Protein chains: 2
Amino acid sequence: MPDHHERPDHHEHPDHRELDPRKAAILEAVVSEYIGTAQPVGSQHVATSSGISVSSATVRAEMVALEREGYLVQPHTSAGRIPTDKGYRFFVDQLAEPGVLGPSQRHEVSRFFEQVHGEMEEMLERTSGLLSDLTSCASVVLPPGHESAAVRSVQVVGLGPRLALVVVVLADGAVEKRSIELDDDVTEVALAAASSRLQTAARSRPLGAGMDPVQSGDPSVDRVVARALSAMAELVSADHDRVFVGGSSRLADAFEAVDTVRSVLAILEQQLVVVSLLRDVLERGLSVAIGTEHGYESLASCAVVVAPVPVDGQEVGAVGLLGPTRMNYPQALAAAKVVGERLGQRLGSGERAGTPATQGRSRRNAGR
Amino acid sequence: MPDHHERPDHHEHPDHRELDPRKAAILEAVVSEYIGTAQPVGSQHVATSSGISVSSATVRAEMVALEREGYLVQPHTSAGRIPTDKGYRFFVDQLAEPGVLGPSQRHEVSRFFEQVHGEMEEMLERTSGLLSDLTSCASVVLPPGHESAAVRSVQVVGLGPRLALVVVVLADGAVEKRSIELDDDVTEVALAAASSRLQTAARSRPLGAGMDPVQSGDPSVDRVVARALSAMAELVSADHDRVFVGGSSRLADAFEAVDTVRSVLAILEQQLVVVSLLRDVLERGLSVAIGTEHGYESLASCAVVVAPVPVDGQEVGAVGLLGPTRMNYPQALAAAKVVGERLGQRLGSGERAGTPATQGRSRRNAGR
DNA sequence: GCTGGCACTCGGTAAAATCGAGTGCCAGCA
DNA sequence: TGCTGGCACTCGATTTTACCGAGTGCCAGC
């Protein structure tokens, strides 16, 4: 609840911990208005907006204070105020009520997850489209890592005289691959032997767990197995570089400066950067990073909203939204949260279906 | 009517087949200049540009003719001329010399293809980045279809009680997958049997070829095999929906109108549209489509440059560039051509390595 | 402590003035 | 005949000026 005590609070922090209830109400009005109109908000508008019952003069006085405290700025004298990053931050933390999706949006989400089908990549791609549609922001879907997904199959397939591909199928339906080099003289038979050894060693265990296959008699087989295992180990972490970006066209009219659009698009093209951005924010326990709160210079005029994609209780993936700092935070937060959850359920159900009864246990036992 | 009676030239086509050499030179100067500056080009500039040795008054007269014939337009009276789509078309077809990459760019391409490594997806992704860097356009890489790629491995992996995944590894290192439904009671053993049957039937044959595995005794195995085969048949054509788009941020300053940027970005987000656009253009034997030459309304201010990615002589993939109609065509064409070829070689070498001697033959024999 | 009133600021818009690149046309020249 | 220099003219872009009004800070009074 934003405005809990109406009574005169004594010895409040001079800074951003607490804010005069009236100031808070004014700040909220400014932020809401500005999010809607993208125009500087004047005292008049605030005074006539609901929840405020003082005159514009009083509002002005309070606005001066809010500006001094860093919540608002004036683009120039004799203009209305617009929120600073700090202002948005306070709004998000203290003022905005949880925010719910409209019924039509809720319906859209439900219908999406009922109808969606196909391979995982397609689903994730379309999920990012859904998020963009819901929020009018660019969206990012960070697929779950594979640490805890059970291995359903491992195979080493020869591609050339010195080249082979390790193909791993996971219980959630993901297929990962990695090429390895071979010694000159590895036969198909040896590859098959290696495959079957890997298969028994890894089967039903999470990809992240260490594996320790018994030695075979054949050293060339063992060498292949070893290489394949290290390739699989790389897969655990290295697959993260695939993200699904959607709705980048929304950025075109989100910002007035073309330069901003270009630089934000440029960031979205660098998948590695996007991944670490989302992970950073999520790890710091935030669900939204405003302006410069994340370290990325060229996203200074952006806000990032993230939500985990929890699969069976673990936070393994993430969805993110990228928009201007004056985005509709309540709605974006709600959308990200809901879609993240639903996506997690969806992925989880697939996984559970993969290994009906053993799945839940296998992960717990698998702790190396 | 055009000005044929001003010149004693005998019954030339009144239209765009051939153009007075001087007119051609003027048109070329206008196009080149406009490509460089994005500003309407006046007769003065043309007159002083190399290759023209007449006065600006004469240039003006010719420009009037060129405008009447539809090669140039004036944004407004008393402004210079800018080329029409028809003007660009003539420039591309008749005027522009083949166009070569600068030595530094040539070097960049070589270094890229020496250094590039990793799985195919990553390579294609990075290739599209390379193309963008070379041309300052948005770029698209359409990976080769798999019709003619030899199958190296087929496997059916159970994911759930009624769900399995068909995983196909191809000689070029690509891995495709598709989920199929199962009857209730299919055992792991049956899946393994189906896998081995598929393996023998498909192995070393192109994915596109029909396959006709012998019946096993077990009807449930046969049912799995049949489903897997139809899934594989779908893979042949259905995988095309994955394209690699790069450099979309270049579009931000390619157009002056934000609306244009948005709508072009929106097109690029629809992978299916991009695919059919490229295929259309390529099929019509064009290497560049200017303005409205392709049917897409919202790309009317764009030009599309495509080049095939020939793998072992067949045109199986494509690379494309998307930019404003005033793009640097010679350079774009050269870049697309070179990168397409090099990419094809690269993909081909991988494939050939996969099936050293049989590859060439296996395709021919495979005609069912 | 809030409010209405007031003088003031200053960006945005509109009208007017200016500039100059570029044009079409034409008479004269090779 | 075809090219050229010259010339009057156009008209978008830029600058100038004027003006409006939303918005501000401040202050006296309730």
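Sequence lines set the chain letters: A, B, ... in the order given, protein chains first and strands last, and positions in each chain run from 1. Just so it is clear, the structure is predicted and the values come from calculations on it, not from any experiment.
At least one donor-acceptor pair under 3.5 Å links the side chain of B/Ser139 to the backbone N or O of B/Ser128. No donor-acceptor pair under 3.5 Å is formed between the side chain of A/Ser43 and the backbone N or O of A/Arg60.
Rounded to whole angstrom, the span from the CG atom of A/Asp20 across to the P atom of C/dG1 amounts to 11 Å. Rounded to whole angstrom, the span from the CD atom of A/Gln44 across to the P atom of C/dG4 amounts to 10 Å. For the pair B/Glu33 CD and C/dA21 P, the interatomic distance rounds to 15 Å; values are reported in whole Å. Going from atom NE2 of A/His76 over to atom C1' of D/dG21 covers 13 Å, rounded to whole Å. Straight-line distance from the CG atom of A/Leu72 to the P atom of D/dT24: 10 Å, rounded to whole Å. In this entry the distance linking CD1 of B/Ile26 with P of C/dG22 reads 15 Å, nearest Å. Counting to the nearest Å, the C1' atom of C/dG22 and the CD1 atom of B/Ile82 are 15 Å from each other. Between the CG atom of A/Leu66 and the P atom of D/dT24 there is a distance of 12 Å, rounded to whole Å.
Under the Watson-Crick or G-U wobble criterion, with both distances below 3.5 Å, D/dG29 is paired with C/dC2. The partner of D/dC19 is C/dG12, by the rule that a Watson-Crick or G-U pair needs both atom distances under 3.5 Å. In this structure, D/dA13 forms a base pair with C/dT18, meeting either the Watson-Crick or the G-U wobble geometry with both donor-acceptor distances under 3.5 Å.
For A/Arg22, a side-chain nitrogen or oxygen approaches OP1 or OP2 of C/dC2 to under 4.0 Å. Residue B/Ser55 has no polar side-chain atom (N or O) positioned under 4.0 Å from OP1 or OP2 of D/dC3. Look at B/Ser78 and you won't find any side-chain N or O under 4.0 angstrom from OP1 or OP2 of D/dC9.
Using modelled atom types, one finds a donor on one side chain and an acceptor on the other under 3.5 Å when comparing A/Tyr296 with A/Ser276. No hydrogens or angles considered: a donor-acceptor pair under 3.5 Å links the side chains of A/Glu269 and B/Ser248.
Ionic pairing of B/Glu293 and B/Arg89 is present here: one or more N-O contacts between side-chain nitrogen and carboxylate oxygen are shorter than 4.0 angstrom.
When all heavy atoms are compared, the tightest approach of B/Leu268 to B/Ala138 is CD1-CB, 4.1 Å.
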Checking B/Arg326 against B/Ile82 for the side chain to side chain contact (heavy atoms under 4.5 Å, CB included) test, could you report, in this order, the C-alpha distance in whole Å, the side-chain angles of both residues, the deciding distance, and whether it holds? CA-CA 10 Å; B/Arg326 45 160 240 276; B/Ile82 65 179; over 6 Å; no
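Among the protein residues, A/Thr58 comes within range of the nucleic acid bases, having at least one heavy atom under 4.0 Å from a base atom.
Taking only side-chain atoms of A/Thr77, from C-beta outward, the nucleotide of D/dC11, C/dT9, C/dG11 with the closest atom is C/dT9.
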Protein-proximity profile, nucleotides 25-30 of chain D, B/S/- by nucleotide at the 4.0 Å heavy-atom cutoff, equals BB----
